[in-house]
Amino acid sequence: MKITIAVLALCLFTMPVISAAHPGHEHKILGTISAVDGSKITVKSPDGKEQVIELSSATKVLNGKMKADARDLKVGMRVVVNAGEGGTPLKAKEVTYSTAAATTKK
């Protein structure tokens, strides 16, 4: 009986802490663009999971630290997407990509 009361008390005191820990957490999606369809991109993560992300006129697109355009996003590009606090569907606040650095053979 005492154990049951202790477990219930523990649950009551920790639940507000657990639920308060999530707000304000920004969702970052890292991966490779596997599809571009109008105002949506599909990003495939390294573990193979694909997520569809909506782009809007408010979405910032960056090539490294320089401003870019959503039309620059192409299949095969590696991206980092900030999807804000998540939600369904995911809506991108910011999409960052970088072009591969040129390599020279010696």
(message) Please report the interatomic distance CG(L90) to CD1(I53), rounded to the nearest 0.5 Å.
(response) 6.0 Å

(message) As an exercise, state the distance from CD1 of I29 to CG of N82, rounded to the nearest 0.5 Å.
(response) 8.0 Å

(request) Measure the spacing between NZ of K28 and OG1 of T96 and express it to the nearest 0.5 Å. (result) 7.0 Å

(message) Are V61 and V75 connected into the same hydrophobic cluster when the rule is that any two of I, L, V, M, F, W, Y join if their side-chain heavy atoms are below 4.5 Å apart?
(response) yes

(message) Between T32 and M77, is the side-chain contact (heavy atoms from CB on, under 4.5 Å) condition met? List the steps.
(response) CA-CA 5 Å; T32 305; M77 287 181 155; over 6 Å; no

(request) Please assess V95 against L55 for the test side-chain contact (heavy atoms from CB on, under 4.5 Å), listing each intermediate value before the final yes or no. (result) CA-CA 9 Å; V95 179; L55 306 175; 3.9 Å; yes

(request) Test side-chain contact (heavy atoms from CB on, under 4.5 Å) on I33 and Y97 and set out the steps. (result) CA-CA 10 Å; I33 297 176; Y97 70 93; over 6 Å; no

(message) Side chains of E50 and S34 only: does a donor on one sit below 3.5 Å from an acceptor on the other?
(response) yes

(request) Report yes or no: does K74 contribute a side-chain atom to a donor-acceptor pair with the main-chain N or O of R71 at less than 3.5 Å? (result) yes

(request) Search all heavy atoms of S98 against all heavy atoms of N63 and return the closest pair with its distance. (result) CA-OD1, 3.6 Å

(request) Starting at NE2 of H27, measure out to NZ of K91 and round the result to the nearest 0.5 Å. (result) 14.0 Å

(message) Taking side-chain hydrogen bond (donor to acceptor under 3.5 Å, both in side chains) as the definition, give me every residue that meets it alongside S45, ordered by chain and number, with sequence neighbours left out.
(response) D47

(request) Report yes or no: does T59 contribute a side-chain atom to a donor-acceptor pair with the main-chain N or O of A92 at less than 3.5 Å? (result) yes

(message) To the nearest 0.5 Å, what is the distance between NZ on K44 and NZ on K49?
(response) 14.0 Å

(request) Starting from the C-alpha separation in whole Å, work towards a yes-or-no answer on side-chain contact (heavy atoms from CB on, under 4.5 Å) for V79 and V43. (result) CA-CA 8 Å; V79 293; V43 177; 4.0 Å; yes

(message) Do L73 and V80 sit in one hydrophobic cluster, given that two such residues count as connected whenever their side-chain heavy atoms are within less than 4.5 Å of each other, even indirectly?
(response) no

(request) Taking all heavy atoms of L62 and all of K67, pick out the closest pair and write down the distance. (result) CD2-CA, 3.9 Å

